[in-house]
2 protein chains.
Amino acid sequence: MALTNESAEPSPGLDRRTALLAAAIEEIARRGTRGLRVEEVAKRARVSPALIYHHFGDRATLLQSALEHIGNQADVYTARSGASARDNLVAMLLAELQDDPVVKANSAAWGELRDSAIFDEALRPTLTQLTQQWCDDIAALIQAGHHDGSIPSTADPRALGVQLSALVEGISSRWLTGQLTTRQARRHLNAMIEGVLR
Amino acid sequence: MALTNESAEPSPGLDRRTALLAAAIEEIARRGTRGLRVEEVAKRARVSPALIYHHFGDRATLLQSALEHIGNQADVYTARSGASARDNLVAMLLAELQDDPVVKANSAAWGELRDSAIFDEALRPTLTQLTQQWCDDIAALIQAGHHDGSIPSTADPRALGVQLSALVEGISSRWLTGQLTTRQARRHLNAMIEGVLR
């Protein structure tokens with residue numbers, strides 16, 4: 001670590017933290033949460049394990065922070081400005097299924113962290129909050145679609161928020177296990193969205 | 001092991017194998033596949049680890065056999081004889097979400113094994129085959145619904161086989177992580193099925 005150079009960068013602590021989280025997400029995507037070793041994350045990020053403990057305190061906080069980071073990143077790559085609220089909704093949901101190594105690693109790590117929450121109750125509040133945010137984002141787009149006329153008023157925003165996000169998770173898992181190609185996964189997701197928004 | 005008594009039972013090898021698989025599934029549901037230790041499965045089933053190796057050869061075969069056993073059990077508890085093919089389809093899908101410890105353990109273990117297949121390619125052929133069977137069962141019920149008039153002919157059997165099974169998996173995961181109650185999970189699943197079968 002070049003401590004003397006750190007002050008020259010805009011926000012070195014933040015950049016380093018982001019790099020450490022990216023390394024943690026890649027490790028989780030490759031080995032799962034239970035197989036996650038702080039030493040391996042450190043090795044991948046080319047830092048000392050002590051630095052990771054310095055930034056995240058403990059392994060549990062590292063897992064939670066990784067979950068939050070995935071949520072924040074998804075906000076970025078799923079943001080779209082289409083012609084209608086419906087277009088935005090479809091684009092936002094389909095953005096979860098794309099041939100991009102970051103999206104794929106995030107999706108695999110998200111699935112791992114989510115399923116770890118079945119046993120690891122400490123992960124549940126963060127998982128629940130992020131999932132709720134995702135459901136709310138979908139619900140907001142459906143409401144916007146009621147207003148701009150692109151989504152029928154019979155479509156229930158809150159219920160579809162839960163249902164469509166759960167569907168994305170189910171289809172992602174088929175995609176990540178190689179049972180569906182990216183193209184097939186996107187086609188299936190799109191067909192279901194069209195089916196329920198008639 | 002009471003070897004002298006074994007010959008009195010109808011199929012002791014099969015019964016013991018089933019008991020060992022049930023113990024493996026409970027362990028996977030509690031600790032995940034990566035945390036699975038043959039010693040813990042043996043302890044839960046009250047047998048020696050050697051007996052497990054005798055029945056399954058190695059850990060990888062034990063995981064595959066557990067996956068197959070979950071598939072076979074699901075065939076039993078999802079079998080229904082409703083008034084129409086549509087009723088049977090809805091009942092079969094909803095049967096995956098019920099307050100039954102065996103169903104819950106199977107669902108959690110299935111999710112674990114499925115997500116392990118992202119990294120563990122040896123599990124993929126069995127996973128793919130069982131998932132395909134599930135999709136085919138759904139498709140067959142939709143075709144039966146075309147014939148008995150309970151499902152509109154516009155509903156695509158193969159596509160909906162993939163889509164509805166993926167939806168069940170997505171909703172199951174919300175349910176197992178405590179984000180949805182059994183009642184909520186069933187209501188959401190039912191609403192989506194009705195939505196796409198209009």
Side-chain angles (χ1 to χ4, degrees), chain A residues 29-36 104 107-109 111-121 123-124 127-129 131-132 135 154-156 159-180 184-185 187-198, chain B residues 29-36 104 107-109 111-121 123-124 127-129 131-132 135 154-156 159-180 184-185 187-198:
Chain A
R30 275 166 195 270
R31 290 177 221 281
T33 49
R34 285 183 206 81
L36 185 78
K104 236 169 172 167
S107 188
E112 274 296 320
L113 288 160
R114 183 188 67 220
D115 291 346
S116 296
I118 297 176
F119 324 99
D120 182 354
E121 301 211 351
L123 280 173
R124 287 193 184 187
L127 174 74
T128 301
Q129 188 206 316
T131 307
Q132 188 58 55
C135 296
T154 46
D156 179 341
L160 283 169
V162 177
Q163 293 155 13
L164 289 175
S165 60
L167 177 68
V168 169
E169 293 188 330
I171 291 180
S172 285
S173 167
R174 295 278 165 93
W175 171 56
L176 294 167
T177 53
Q179 297 184 79
L180 293 176
Q184 289 170 327
R187 209 174 50 213
H188 281 299
L189 177 57
N190 198 46
M192 280 290 268
I193 299 169
E194 295 302 329
V196 294
L197 293 188
R198 274 178 300 181
Chain B
R30 274 167 195 270
R31 291 177 219 281
T33 50
R34 285 183 206 81
L36 185 78
K104 237 171 172 167
S107 188
E112 274 296 320
L113 288 160
R114 183 189 66 220
D115 291 346
S116 296
I118 297 176
F119 324 98
D120 182 353
E121 300 211 352
L123 280 172
R124 288 193 183 187
L127 174 74
T128 301
Q129 188 206 315
T131 307
Q132 188 58 56
C135 296
T154 47
D156 178 341
L160 284 169
V162 177
Q163 292 155 12
L164 290 174
S165 59
L167 176 67
V168 169
E169 292 188 330
I171 291 180
S172 286
S173 168
R174 295 279 165 93
W175 170 57
L176 293 167
T177 53
Q179 298 184 78
L180 294 176
Q184 290 171 326
R187 208 174 52 213
H188 281 300
L189 178 57
N190 198 45
M192 280 290 267
I193 299 169
E194 294 302 329
V196 295
L197 294 188
R198 275 178 300 180

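Letters go in sequence order (proteins before strands), and every chain restarts at 1.
- Using a 4.5 Å cut-off between heavy atoms, B:Glu112 touches chain A through its side chain atoms alone.
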What pairs of donor and acceptor atoms, side-chain ones from residues 189-198 of chain B against any protein atom, are under 3.5 angstrom apart with sequence neighbours left out?
{"unit_1": "B:Glu194", "atom_1": "OE1", "unit_2": "B:Arg86", "atom_2": "NH2", "d": "2.8"}
{"unit_1": "B:Arg198", "atom_1": "NE", "unit_2": "B:Gly195", "atom_2": "O", "d": "3.1"}
{"unit_1": "B:Arg198", "atom_1": "NH2", "unit_2": "A:Gly195", "atom_2": "O", "d": "3.2"}

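- Closest approach of B:Arg114 to A:Asp115, counting heavy atoms only: NH2-OD2, 4.1 Å.
- Proximity to chain B involves both the backbone and the side chain of A:Ser165, based on heavy atoms less than 4.5 angstrom apart.
- Expressed to the nearest 0.5 Å, how far CD of A:Glu121 lies from OG1 of B:Thr177 amounts to 10.5 Å.
- Taking each heavy atom of B:Arg31 and A:Phe119 in turn, the nearest pair found is N-CE2, 3.9 Å.
- You'll find the side chain of A:Val162 stays beyond 4.5 Å of the side chain of B:Gln179, heavy atoms only.
- Proximity to chain A is limited to the side chain of B:Ser173, based on heavy atoms less than 4.5 angstrom apart.
- Looking at B:Arg174, the atoms closer than 4.5 Å to chain A (heavy atoms on both sides) all sit in the side chain, from C-beta outward.
- Taking both residues in full, the closest heavy atoms of B:Leu176 and A:Arg124 are given as O-NH2, 3.6 Å, listed atom of the first, atom of the second, then distance.
- Heavy atoms closer than 4.5 Å to chain A are found in both the backbone and the side chain of B:Gln163.
- Chosen from B:Asp120, B:Val168, B:Leu167, B:Ile171, the residue pairing most often with chain A at heavy-atom distances under 4.5 Å is B:Leu167.
- Taking B:Glu169, B:Gln184, B:Arg187 one by one and counting their heavy-atom pairs under 4.5 Å with chain A, the maximum is reached by B:Glu169.
- Counting heavy-atom pairs closer than 4.5 Å to chain B, the top residue among A:Ser116, A:Gly32, A:Gly111 is A:Gly32.
- A:Arg30 CZ to B:Ile118 CD1: the interatomic distance, rounded to the nearest 0.5 Å, is 13.0 Å.
- For B:Ala29, the part sitting under 4.5 Å from any heavy atom of chain A is the backbone (N, CA, C, O) and nothing else.
- In this structure, the portion of B:Leu180 lying under 4.5 Å from any heavy atom of chain A is its side chain and not its backbone.
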